[in-house]
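Working notes, beginning with the structure itself.
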Amino acid sequence: MPEPARPVRVRYAPSPTGALHLGGARTALFNYLFTHQHHGQFLLRIEDTDRVRFVPESQAQIEEALTWLGLRWDEVPLVQSQRKPVYQAAAETLLERGAAYRCFCTPERLEAMRAEQRARKEPERYDRRCAVIPKTESDRRAAAGERFVVRQRMPTEGTTTLHDLVMGTVVFKNETLDDHVLLKSDGFPTYHLAFAVDDHATSISHVIRGDGWLPSAAKHVRLIEAFGWPLPAFAHLPLVLGPDRKPLAKRHGAKDVLEYREGGYLPEAVVNFLAFLGWSPGTVEEIFTMEELIQRFSLEKVQPSPAVANLDRLDWLNGQFIRRLSPAELATRLAQRMPGIPATRLEPLVPLVQERLRTLAEGPPMLQFFFVAPDRYEPASLVPKGRDPASTAAALTAASAFLGGLSDWSPERLDAGLREVAERIGWTTKDFFMALRVAITGRTVTPPLIESMVQLGKDEVVRRLDRAGAALTTGAGV
Ligand code: GLU
């Protein structure tokens, strides 16, 4: 794609109505990738003019989630609720130019109008009753304190054409456009007015947003033209769907971005997952750094059809990214989840679990036993199926006696020696190692046993075997 003529500036413009979900994060990411590819700026704008749906902590959560994903924004975020006078002045300009008009219709009248339209099976649209009120009369009624909204005056004939970078050329029939509200009776702007004013004020060159806004795009083009401002380029991103082809939601297992952080996902994995929601590099490669994504991304390769999210792929990607971390990096990330345990103590243990982790959250339970001895033994898990407590206690004692006398604490020696012990007492190695595993770790599924014993050290291993053996003999289960 040739370098666009205007300096590239884009924005992510969430409404602070809750946490950042995957669909919103995907929109933010595509904006970020596109603008960085063109050495442009990425702005954040908080669209909080809908005071009913406003959630106070939402902005902080969104900012935290974007930061975690590595999507740093440039400049101070613009907050729409602080700009009420700017929108009012903009509405005034449109009134002056006749591109908008005051509407004094009461909510009751509008409801009756819509009911009639429904009854006639017509689309519900404002019937333009107030469009003919002369400006002088309109000014007088407003000055007298009558309540009004400001509506955009739409053409009723012809077409409006949008050249969308993702959706292609879309032609709208003007007769289908509604004279929608720009300024509400409480003086707050609607999305339409605030969006146009702010994108102009911040010199946005490309509007990259969800395709829920595509049906309104013709009105937006008309509005920007009414102000006499240059049109930005538009790119509407396809919806993100769950496997049942309904919009991706919690019931599909989708979480908010910060919940993925809590769940032990790496931001790199989430970013890769999001990048492929509607975009693909056109090659078989699947794993990219942010830098690589910036180089490879293109709006032309974003599919106009909805993207279907496969959340299993996120788990797989997360495992891939965990395997790519150096032991020191993985130790540092795991240490954040294991209070009191320094990364340096985790580093030698990390190779034992790195291949098995799908999330960082799986790490602490797998590694806990290195730092804390099992506090309880359940005979049901300690005694292998088909064996009895007394013979299991004897097997543990035999292991302890053998290990206690060892001077060579190497994996080879432990493995060969323990196999010999199993043979000598007439146990299968499978049962014998399972009893040892539970006695030493308190768990049935663990990192490789011999390597874990090497890391725990002789004294600790022998102590745990003896404790488990004693618990079986006394039958106390502790
Ligand atoms: N606040 C709008 C939303 O959350 C933003 C749309 C846009 O990017 O212009 O859908």
Side-chain angles (χ1 to χ4, degrees), residues 8-35 40-56 58-63 65-66 71 73-75 77-84 86-87 90 152 162 164-167 170 180-182 184 188-224 227 229 231-240 247-249 256-257 274 277-278 299 302 306-307:
V8 171
R9 284 169 64 87
V10 302
R11 81 300 189 283
Y12 175 54
S15 303
T17 54
L20 182 65
H21 51 73
L22 289 177
R26 195 271 311 252
T27 301
L29 175 67
F30 283 15
N31 271 286
Y32 182 90
L33 296 177
F34 175 77
T35 202
Q41 265 98 42
F42 172 62
L43 310 193
L44 179 60
R45 179 164 82 221
I46 305 300
E47 301 207 326
D48 59 347
T49 56
D50 183 344
R51 305 312 284 174
V52 180
R53 293 174 62 224
F54 177 67
V55 177
S58 167
Q59 180 179 349
Q61 284 176 354
I62 291 170
E63 291 185 359
L66 292 174
L71 306 179
W73 56 94
D74 304 294
E75 306 179 8
L78 188 145
V79 179
Q80 289 188 328
S81 60
Q82 297 167 356
R83 291 167 53 77
K84 220 169 147 185
V86 179
Y87 308 120
Q152 185 178 352
L162 177 80
D164 189 274
L165 294 175
V166 171
M167 299 293 167
V170 190
H180 62 265
V181 175
L182 296 175
K184 296 180 270 186
F188 272 104
T190 57
Y191 166 77
H192 313 292
L193 178 62
F195 132 90
V197 168
D198 289 343
D199 279 354
H200 176 65
T202 50
S203 305
I204 295 304
S205 61
H206 293 72
V207 173
I208 305 172
R209 62 183 180 182
D211 75 356
W213 294 108
L214 186 61
S216 313
K219 299 192 272 199
H220 297 160
V221 167
R222 292 281 166 186
L223 183 57
I224 295 164
F227 279 114
W229 295 331
L231 270 185
F234 283 89
H236 287 93
L237 304 178
L239 263 180
V240 181
L248 184 67
D256 294 330
V257 169
L274 295 172
L277 292 180
L299 283 173
V302 175

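Side chains are part of it too, since the values below use all heavy atoms of this structure and drop only hydrogens, waters and symmetry mates. Atoms within a ligand are numbered from 1 in the order they appear, just like the ligands themselves.
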- Taking only non-hydrogen atoms of Arg209 and a 4.0 Å limit, the atoms of ligand 1 in range are 7 (C), 8 (O), 9 (O)
- Item | Centroid-centroid distance, Phe227 to His200, less than 6.0 Å | no
Residue and atom name of the nearest protein heavy atom (relative to [atom]), distance in Å to one decimal:
atom                    : result
atom 8 (O) of ligand 1  : Arg11 NH1, 2.8 Å
atom 1 (N) of ligand 1  : Glu47 OE1, 2.6 Å
atom 5 (C) of ligand 1  : Ala13 O, 3.0 Å
atom 10 (O) of ligand 1 : Trp213 NE1, 3.0 Å

- So, does Ser15 sit close enough to ligand 1 that a heavy atom of it is under 4.0 Å from the ligand? yes
- Query: Between CZ of Phe34 and NE2 of His206, what distance do you get to the nearest 0.5 Å?
  - Reply: 3.5 Å
- Query: Does an N or O from Ile208, backbone or side chain, lie closer than 3.5 Å to an N or O of ligand 1?
  - Reply: no
- N/O to N/O below 3.5 Å, does that happen between Tyr191 and ligand 1? yes
- Verify whether one side chain among Asp50 and Tyr191 offers a donor that lies under 3.5 Å from an acceptor in the other. no
- Any pair with a residue in residues 24-34 that passes side chain to side chain donor-acceptor pair (under 3.5 Å), sequence neighbours left out, goes on the list, sorted by first then second residue, please. none
- Has the side chain of Arg9 got a donor or acceptor atom that lies under 3.5 Å from a matching backbone atom of Thr202? yes
- Under 4.5 Å between any side-chain heavy atoms of Leu274 and Val240, yes or no? no
